[in-house]
Number of protein chains: 2
Amino acid sequence: MNRLVDMQDALSQATTLEEFQTFVENLRDVYDLEHLVYHSVNSTGGQYAALTYKPDWVERYIEQDYARIDPVVQGCYRQFQPIEWKTLDWSAKASRAFLGEAGEAGLGNQGFSVPIRGPSGQFALVSVNHKCNDEMWASFTSERAADLLLISHYLNEKALQIEGNPHRGPTRSLSPREKDTLTLLATGANRANIAETLKISESTLRVYIESARFKLGAANTTHAVAMALTHGLIVV
Amino acid sequence: MNRLVDMQDALSQATTLEEFQTFVENLRDVYDLEHLVYHSVNSTGGQYAALTYKPDWVERYIEQDYARIDPVVQGCYRQFQPIEWKTLDWSAKASRAFLGEAGEAGLGNQGFSVPIRGPSGQFALVSVNHKCNDEMWASFTSERAADLLLISHYLNEKALQIEGNPHRGPTRSLSPREKDTLTLLATGANRANIAETLKISESTLRVYIESARFKLGAANTTHAVAMALTHGLIVV
DNA sequence: CGACCCCTCGCTATTTTGGGGGAGGGTTAA
DNA sequence: TTAACCCTCCCCCAAAATAGCGAGGGGTCG
């Protein structure tokens with residue numbers, strides 16, 4: 001059984017936000033989760049979410065502007081890697097109060113979130129929530145985290161597509177070779193190494209670096225890599 | 001016989017890195033592997049490994065900084081799922097030379113690696129190595145890969161837990177000046193600009209860049225900035 | 001007190017990048 | 001059929017970053 005491939009299949013069918021919501025709900029069931037949340041914020045502050053929380057909890061969350069104190073949200077804005085809820089700082093008084101309310105609202109005790117950065121400063125958060133003990137959770141994450149990580153990125157791509165993100169003005173997308181190049185640069189390789197890795201000449205490589213710099217409007221290679229990372233154009 | 005449960009039991013006993021190393025060696029024997037490697041890199045570039053390779057191969061690997069050309073390492077950094085060594089790209093000249101040396105050092109021809117991403121940018125790699133033909137390897141993986149996958153994650157959790165003890169000393173974080181420097185580098189400024197901005201000499205600035213690079217275990221400035229970003233040490 | 005880190009600054013090579021040209025052949029969509 | 005990319009490769013030369021050394025003063029902690 002390859003859940004992941006099925007999911008990608010099913011996701012490619014979705015063309016409306018309603019179908020996207022349904023897909024999120026199915027995904028929760030298939031992966032046997034307590035809850036699943038997709039939450040996107042674009043560069044203009046516009047938000048969209050598809051989630052499986054109880055409506056009254058969502059309402060209260062929005063009404064109280066809990067995003068301000070939610071350690072998950074706060075933690076993920078500064079993180080580029082998936083983050084375990086357990087490792088977050090829950091010590092603040094507000095955090096504990098929030099935690100209590102969340103528990104009452106049916107949230108499980110275990111969870112992790114995947115921060116996703118899309119083009120033009122778009123930011124999305126995919127959160128997975130479960131109710132079990134630490135051992136079961138460890139086994140769960142080891143089995144399914146990889147899938148869910150990939151799916152998170154598919155989710156975001158799909159959501160952006162459905163929302164019909166308008167044509168990129170200033171930021172043209174990077175070509176595959178440009179992405180390769182920036183990705184390898186982000187790992188610390190120099191031009192000679194990368195050229196060898198990609199099996200192309202260093203001359204060619206320079207063209208990619210320069211065109212990527214140009215497209216991103218970056219002052220130098222370091223800048224280009226930093227921009228590509230913060231805009232989610234590459235993943236390290 | 002439930003090897004997996006036994007292993008978990010034995011692992012829960014380990015409280016020191018020595019015991020962890022012994023456990024890794026036992027694990028190799030119990031699962032009848034040629035070699036087993038646990039290798040962890042934390043967010044500040046601190047590394048720890050427990051493995052069964054011959055010491056002189058380990059020494060040579062470190063000395064030659066083979067991690068830079070090792071297709072297993074390079075492949076896994078970009079992978080979220082367990083990866084078969086066979087499917088990696090071994091075509092580069094350096095890769096083949098590396099493969100030859102590895103063979104001489106007693107490594108088997110078959111292997112797979114499990115990339116594991118932990119909190120705060122921690123990254124670990126569990127590699128399983130075996131010497132046999134393709135058929136036997138296929139039967140081996142189908143039988144034991146699931147167990148080894150789980151165990152890999154237990155290994156990582158255990159290693160993190162053990163390292164968490166004040167045994168290994170505190171993880172050095174970036175100094176304020178180092179953060180300033182990396183943050184400005186991430187915006188595309190060059191050393192002259194940054195020195196001016198921070199109102200210090202370029203000489204001083206260089207010390208920050210170099211110490212940051214050193215702390216992060218980064219190969220160059222671009223790498224250091226990319227690491228600082230992905231680990232949430234700086235925000236742009 | 002010593003050890004260790006932080007901040008500050010300097011020197012001389014050497015290596016790596018960057019700027020600005022050029023070229024040819026491929027695909028894709030207006 | 002153009003135009004607009006994309007991939008590939010080459011040249012020369014200047015600018016920037018890095019390696020490998022050095023130095024001193026300040027703070028903290030055991």
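Here is how names work: the chains are called A, B, and so on, in the same order as the sequence lines, proteins then strands, and each is numbered from 1.
Regarding A:N193, its CG atom lies at a distance of 15 Å from the C1' atom of D:dT18, rounded to whole Å. We find that CZ of B:F214 is positioned 13 Å from C1' of C:dC4, with the value rounded to whole Å. As a whole-Å value, the separation of B:E202 CD from D:dT18 P is 11 Å. Nucleotide D:dA16 holds its P atom 13 Å from the CD atom of B:E196, rounded to whole Å. Distance CG (A:L198) to P (D:dC7): 11 Å, rounded to an integer number of Å. Going from atom CD1 of B:I209 over to atom P of D:dA19 covers 11 Å, rounded to whole Å. A:L205 has its CG atom 12 Å from the P atom of D:dC7, to the nearest Å. Across the protein-nucleic acid pair, B:K199 atom NZ and C:dC9 atom P stand 12 Å apart, rounded to whole Å.
Ring pair B:W137/B:F112 is tilted by interplanar angle, where 30° to 60° counts as tilted. By the 30° and 60° cut-offs, the orientation of the rings of A:F20 relative to A:Y48 is tilted.
Applying the 4.0 Å criterion to OP1 and OP2 of D:dT18, one finds that B:T221 has a side-chain N or O inside that range. A sub-4.0 Å separation between OP1 or OP2 of C:dC7 and a side-chain N or O of B:R177 is absent. Between B:R191 and D:dA16 there is no side-chain polar atom (N or O) within less than 4.0 angstrom of OP1 or OP2.
Each of C:dC7, C:dG18, C:dT17 was ranked by its minimum atom distance to the side chain of A:N190; first place goes to C:dT17. With C:dC6, C:dC9, D:dA17 as the choices, the nucleotide that has an atom nearest any side-chain atom of B:K215 turns out to be C:dC6. Checking C:dC7, D:dT18, C:dG10 against every side-chain atom of B:P176, the shortest atom distance belongs to C:dC7. Side chain of B:I200, nearest nucleotide from D:dC6, C:dC7, C:dC9: C:dC9. Relative to the side chain of B:V207, the nucleotides D:dT18, C:dC9, C:dG18 differ in distance, and C:dC9 lies closest. Closest to the B:S201 side chain, of the nucleotides C:dC9, C:dT8, D:dT8, is C:dC9. When each of D:dA17, C:dG10, D:dC6 is scored by its nearest atom to the side-chain atoms of A:E178, the top-ranked nucleotide is D:dC6.
If B:S175 and A:E210 are placed on DNA chain C by their nearest nucleotide, the residue sitting closer to the 5' end is B:S175.
Here the shortest heavy-atom pairing between B:L36 and B:V24 reads CD2-O, 3.6 Å. Contact detail for B:A226 and A:A186: the closest heavy-atom pair is CB-O, 3.4 Å.
Within a 6.0 Å sphere centred on CD of A:E202, other residues, nucleotides and ligands contribute more than 12 heavy atoms.
No engagement by B:S211 is indicated, since no non-hydrogen atom pair under 4.0 Å with the nucleic acid exists. Base engagement by B:T204 is indicated by at least one non-hydrogen atom pair under 4.0 Å involving a base atom.
For B:Y53 and B:Y61, the ring centers sit 6.0 Å or farther from each other.
Side-chain to base pairing of B:R206 with C:dG10: no donor and acceptor N or O lie closer than 3.5 Å to each other.
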